[in-house]
Amino acid sequence: MPRDFTDWERSCAWLRGLTEHERERVMDDLQVQDVAPGDMVCRRGARARHWVGVLDGLVKIASVSISGKSLTYTGVAPGGWFGEGTLLKHEHWRYDVIVLRKGRIGLLPAETFFWLLDRSLEFNRIIVNQLNERLGQFIGQLQIDRLSSADERVAHTVAAMFHPVLYPGVDRRLRISQEELGYLCGLSRQRVNRALRHLGGLGLLQLRYGGIEVPDLDALRQYESSAEITEQKVAG
DNA sequence: TCATTAAATTGTT
DNA sequence: AACAATTTAATGA
């Protein structure tokens with residue numbers, strides 16, 4: 001495994017806040033796995049042994065409801081890390097994590113995770129910050145699920161993937177196909193295509209081959225909330 | 001480096 | 001779900 005810090009800067013932005021010594025241990029302990037679409041990174045019910053990061057590719061966090069329907073909570077883009085909440089509570093995974101796009105997964109052993117937590121104030125800040133952002137993301141997800149059109153769902157899903165704190169590896173362009181986006185928001189590829197073109201026409205995003213660019217994240221987020229308020233007025 | 005081919009993605013029906 | 005058009009990636013001279 002390469003010791004070169006710059007190699008990991010994109011996919012492990014949180015390394016930046018650590019000391020040289022801490023970084024060395026992380027890179028020694030970190031396990032890297034090549035994954036292909038359909039692979040399960042985490043299974044619901046299994047014990048959480050690692051803090052998990054998407055180094056490259058794309059995964060979705062989902063669970064299967066009692067009725068058998070698959071509910072996707074969110075997609076995780078390169079640079080995104082998850083599982084800290086589950087690790088902290090010494091719980092089992094409450095969701096499945098499925099690979100959508102071929103890539104690489106980083107597994108940081110729980111032991112190393114807690115070692116960092118015990119000694120690094122900066123790591124604690126990073127984790128608290130991430131938990132906080134994640135909470136906000138899930139609350140937003142609840143509102144979207146309840147009342148929203150397909151266009152809003154797509155806008156929300158795209159905006160969520162551009163989250164600078166949760167997915168620092170995503171800069172200006174997000175690598176995701178329209179089919180993959182469909183899996184994430186529970187819509188057909190055709191409907192996603194329609195929604196994306198609509199949003200593109202409004203100037204909220206730009207379509208690229210195999211990806212999306214968002215020039216103004218706030219504007220895209222505003223689209224969700226403004227559409228929501230409109231519906232509430234109609235309902236009231 | 002360039003041309004050809006295969007694969008992936010998009011836009012439409 | 002199927003189709004053609006387009007873009008990218010891979011291959012080899």
Side-chain angles (χ1 to χ4, degrees), chain A residues 1-2 4 6-12 32-42 52-62 64-65 67-80 82 96-106 141 144-145 148-164 166-217 219-224 226-227:
Chain A
M1 184 180 306
D4 190 358
T6 55
D7 280 2
W8 299 95
E9 224 169 354
R10 269 169 295 168
S11 45
C12 311
V32 178
Q33 241 177 44
D34 286 318
V35 292
D39 287 354
M40 302 275 291
V41 177
C42 305
V52 186
V54 177
L55 307 182
D56 196 18
L58 183 71
V59 307
K60 71 168 180 179
I61 295 180
V64 181
S65 69
S67 55
K69 288 177 185 173
S70 174
L71 174 63
T72 298
Y73 294 124
T74 184
V76 182
F82 59 88
D96 293 318
V97 178
I98 299 132
V99 176
L100 288 184
R101 176 188 284 267
K102 177 174 171 298
R104 277 156 49 241
I105 296 297
Q141 182 73 33
I144 284 293
D145 279 344
S148 63
S149 67
D151 286 4
E152 292 163 66
R153 295 172 77 107
V154 172
H156 179 266
T157 305
V158 172
M161 304 272 290
F162 272 91
H163 195 298
L166 294 176
Y167 312 124
V170 180
D171 50 339
R172 179 165 124 273
R173 175 171 172 177
L174 171 67
R175 180 131 195 273
I176 188 173
S177 73
Q178 300 179 359
E179 186 176 17
E180 290 161 349
L181 197 47
Y183 288 132
L184 289 183
C185 47
L187 297 168
S188 69
R189 182 176 71 77
Q190 291 90 330
R191 189 62 188 84
V192 168
N193 178 269
R194 221 178 100 191
L196 283 177
R197 225 111 41 65
H198 177 218
L199 296 170
L202 295 174
L204 296 176
L205 49 80
Q206 291 171 339
L207 296 182
R208 295 287 182 270
Y209 183 85
I212 296 170
E213 286 183 21
V214 175
D216 186 354
L217 181 57
L220 185 60
R221 284 177 173 158
Q222 242 179 337
Y223 172 83
E224 305 175 46
S226 67

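What you see is a predicted model; the values in this text were computed from it and never measured. We name chains A, B, ... by the order of the sequence lines, and we start the count at 1 in each one.
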Atom pair [atom1] ([X]) and [atom2] ([Y]), whose distance is rounded to the nearest 0.5 Å:
X        : Y        : atom1 : atom2 : result
A:Leu196 : A:Leu204 : CG    : CG    : 11.0 Å
A:Arg208 : A:Arg172 : CZ    : CZ    : 7.5 Å
A:Asp96  : A:Leu71  : CG    : CG    : 11.5 Å

Side-chain touch A:Ile98/A:Tyr183, heavy atoms, less than 4.5 angstrom: no
Close side-chain approach of A:Met161 to A:Leu58, heavy-atom, < 4.5 Å: yes
Interatomic distance where [atom1] belongs to [X] and [atom2] belongs to [N] [whole Å]:
X        : N      : atom1 : atom2 : value
A:Ile176 : B:dT9  : CD1   : P     : 11 Å
A:Leu187 : B:dT10 : CG    : C1'   : 17 Å
A:Ile212 : C:dT7  : CD1   : C1'   : 16 Å
A:Glu179 : B:dA7  : CD    : P     : 17 Å
A:Tyr209 : C:dT8  : OH    : C1'   : 5 Å
A:Arg194 : B:dT10 : CZ    : P     : 18 Å
A:Arg208 : B:dG11 : CZ    : P     : 12 Å
A:Arg191 : B:dG11 : CZ    : C1'   : 15 Å

Relative orientation of the end axes in the helix from B:dT1-C:dA13 to B:dT13-C:dA1, expressed as an angle to the nearest 10° (five pairs per end): 10°
Side chain to side chain contact (heavy atoms under 4.5 Å, CB included) assessment of A:Leu174 paired with A:Val214: CA-CA 8 Å; A:Leu174 171 67; A:Val214 175; over 6 Å; no
A:Glu179 and A:Arg189 ion-paired at < 4.0 Å: no
Phosphate OP1/OP2 of B:dT9 contacted by A:Arg101 side-chain N/O (<4.0 Å): yes
B:dT10 OP1/OP2 closer than 4.0 Å to side-chain N/O of A:Asn193: no
Distance-only donor-acceptor test (3.5 Å): side chain A:Arg189, base B:dG11: yes
Residues touching DNA chain B, which here means a heavy atom under 4.0 Å, drawn from residues 196-206 of chain A: A:Arg197
Flag for A:Arg197-A:Asn193: side-chain donor and acceptor within less than 3.5 Å: yes
Positive for side-chain hydrogen bond (donor to acceptor under 3.5 Å, both in side chains) with A:Asp151, one of A:Arg191, A:Arg194, A:His156: A:Arg191
